[in-house]
Number of protein chains: 2
Amino acid sequence: MPEATKPRRLTPKGQATKNRIIEAATALIAQRGVAGTGIEDVRAAAGVSGSQLYHYFASKQALIRAVITRQADSALDPGLPRITALDSFEALRAWADAAIERQRENGCRGGCDLGTLAGELSGTDEESRTDLANGFLRWKDLILNGLRAMRERDELRADADLDELAFALLSAHQGGTLLSQTVLDVQPLEASMNATLAYIRSFATDQRQPVR
Amino acid sequence: MPEATKPRRLTPKGQATKNRIIEAATALIAQRGVAGTGIEDVRAAAGVSGSQLYHYFASKQALIRAVITRQADSALDPGLPRITALDSFEALRAWADAAIERQRENGCRGGCDLGTLAGELSGTDEESRTDLANGFLRWKDLILNGLRAMRERDELRADADLDELAFALLSAHQGGTLLSQTVLDVQPLEASMNATLAYIRSFATDQRQPVR
DNA sequence: CACTTTCTGGGTTGTTCTGTCCAGAAAACG
DNA sequence: CGTTTTCTGGACAGAACAACCCAGAAAGTG
């Protein structure tokens, strides 16, 4: 193993090219899946040429992992409007609505969610699985922190199992998205988000709020 | 197109071989994913040889579709103990527990759920996506019928949105399984199933039952 | 303005995998 | 018991694709 291509700092131009490659790869993977996306396709789409991919990435796997990391970093995918805090019922609802709306907009055609990637890679490639798992756990913590804040503000009852709620919400999001992409209808995603949010709200101290 | 390999009825032996191939493919795909499973691997695992696969299946895609159909038919995968009716809180809980237990048993390593297949194929292959969608919708109907029976027996309140509950439960199952397989821990699956079942139970007419 | 590092372009190789062909064995059928 | 369909086996062609190499341009550094 040749020391994994020493990642000496890139010049600005190089950094830009590298980003362009990752973006192109992300877009293609969103449409055609990981297995359906060839290095050559990425190369053409990014407008770079030849061995550039291998200049910046040691292998296809490395590129995929970069895509995963990027997606995991764009916190809680539904939206470039970066979620900073999911610490109120309104924020949760807004996040859910954004996810639903986003799905509706691209006709339920698969985005490049961690979920989609997980389905394809978890069983195949151990390193990617680890990256994906870390991404998911970070998202879960994001939700969890929001819920904790709500409990500290006494908006949520003390007996609520916040870990369970956080995982349930994340699962609902992933599962709903997966089903929607398969059935080509937002209904499953709407249903799972509505149900899980309603369940979370059932732990509210103030029950006067409409469940919607 | 040569009329899609006229499916003149198979002899018993041929049928057995065909099944063996599908089983081998299912097992391999469960471990290594669709893209990671070559025709040659299936051939070897099934103990048949040469062009047999193409005698029984027109293409790799056709084989995959056969696997999908098979999985969709083994109703609500958690278990060979075929679910006949999910028409009581106990039955739902038992089904959920079976799913969780099953996941725990294979160390959360991906089975060959429709969900896993959907993640890999929905975006890539339109025909497979249709098969998968049909499978999911049949499962949803299975759940829905159970819930309807419960409502008719007045175990569920009339104002419960059964479609929403059915989709939510299915999404929770798929999402929870996906997360569990990625994180290699049953916690997400347990959380999402618990939460969704509790939510369904909140529509029970008889609230004396423990939520567990 | 020399000199070094970083970036670009295209061509190429070797492997892996799907899908095909042909000839021989086994079973079904009269 | 002979003939026809059905099944089996291995070998092979053709394409796709990941990965590597080399030479030249551009950018950065003294």
Side-chain angles (χ1 to χ4, degrees), chain A residues 1-25 28-29 31-67 120-121 124-125 127-128, chain B residues 1-25 28-29 31-67 120-121 124-125 127-128:
Chain A
M1 244 183 261
E3 186 57 32
T5 311
K6 205 62 169 287
R8 263 140 127 165
R9 62 213 152 100
L10 282 300
T11 64
K13 190 173 178 183
Q15 190 56 261
T17 305
K18 189 172 177 179
N19 284 338
R20 201 148 29 98
I21 293 173
I22 297 183
E23 270 160 35
L28 284 177
I29 289 173
Q31 288 175 8
R32 293 139 76 166
V34 175
T37 302
I39 291 283
E40 168 62 18
D41 304 325
V42 176
R43 190 202 60 71
V48 302
S49 132
S51 64
Q52 279 335 94
L53 286 159
Y54 289 97
H55 187 183
Y56 296 106
F57 302 96
S59 63
K60 182 180 182 181
Q61 196 216 23
L63 171 58
I64 302 300
R65 292 185 67 186
V67 171
E120 194 165 351
L121 299 174
T124 312
D125 170 15
E127 312 213 315
S128 298
Chain B
M1 245 185 264
E3 185 58 33
T5 310
K6 205 63 170 286
R8 264 141 127 165
R9 62 213 152 101
L10 282 299
T11 63
K13 191 174 178 182
Q15 189 56 261
T17 305
K18 188 171 179 179
N19 284 337
R20 202 148 28 98
I21 293 173
I22 297 183
E23 271 160 35
L28 284 177
I29 289 173
Q31 288 176 8
R32 292 140 74 167
V34 174
T37 302
I39 291 284
E40 168 63 17
D41 304 325
V42 176
R43 190 203 59 72
V48 302
S49 130
S51 64
Q52 278 336 92
L53 286 159
Y54 289 97
H55 187 181
Y56 295 107
F57 303 96
S59 63
K60 182 179 181 181
Q61 196 217 23
L63 172 59
I64 302 299
R65 292 185 66 186
V67 170
E120 195 165 352
L121 299 174
T124 313
D125 170 16
E127 312 213 314
S128 299

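Letters go in sequence order (proteins before strands), and every chain restarts at 1. Excluded from the calculations below are hydrogen atoms, water molecules and symmetry mates; all remaining heavy atoms, backbone and side chain alike, are included.
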Please find the pair of heavy atoms, one from [X] and one from [Y], that lie closest to each other, and give the distance.
X	Y	answer
Gly36(B)	Asp41(B)	O-OD2, 4.1 Å
Phe57(A)	Ala66(A)	CE2-CB, 3.7 Å
Ala46(A)	Arg20(A)	O-NH1, 2.7 Å
Ala35(A)	Glu120(A)	N-OE2, 2.7 Å
Val48(B)	Gln52(B)	CG2-CB, 3.9 Å
Thr37(A)	Lys60(A)	O-NZ, 3.0 Å

What is the distance, to the nearest angstrom, from the [atom1] atom on [X] to the [atom2] atom on [N]?
X	N	atom1	atom2	value
Leu53(B)	dG9(D)	CG	C1'	13 Å
His55(A)	dT5(C)	NE2	P	13 Å
Gln52(A)	dG24(D)	CD	P	17 Å
Phe57(B)	dG19(C)	CZ	P	13 Å
Ile21(B)	dT18(C)	CD1	P	14 Å
Arg43(B)	dT16(C)	CZ	C1'	15 Å
Gln15(A)	dC7(C)	CD	P	9 Å

| Along nucleotides 15-21 of chain D, 5' to 3', which nucleotides get a B, which get an S, and which get a -, given that the test is a protein heavy-atom distance under 4.0 Å? | ---SBBB
| task | Working to the nearest 0.5 Å, report the span between OG of Ser128(B) and CG of Leu121(B). | result |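 Output value for this atom pair is 5.0 Å.
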| Is there a side-chain contact (heavy atoms from CB on, under 4.5 Å) between Tyr54(A) and Ile39(A) once you walk through the steps? | CA-CA 10 Å; Tyr54(A) 289 97; Ile39(A) 291 283; 3.9 Å; yes
| task | List in chain and number order the residues that pass side chain to side chain contact (heavy atoms under 4.5 Å, CB included) with Glu40(B), two or more places apart in sequence or in another chain; answer none if no residue qualifies. | result | Arg43(B)
| query | OP1 or OP2 of dC7(D) less than 4.0 angstrom from a side-chain nitrogen or oxygen of Thr17(B), does that happen here? | reply | no
| In degrees rounded to 10°, what angle is found between the helical axes fit to the five outermost pairs at each end of the helix from dC1(C)-dG30(D) to dG30(C)-dC1(D)? | 20°
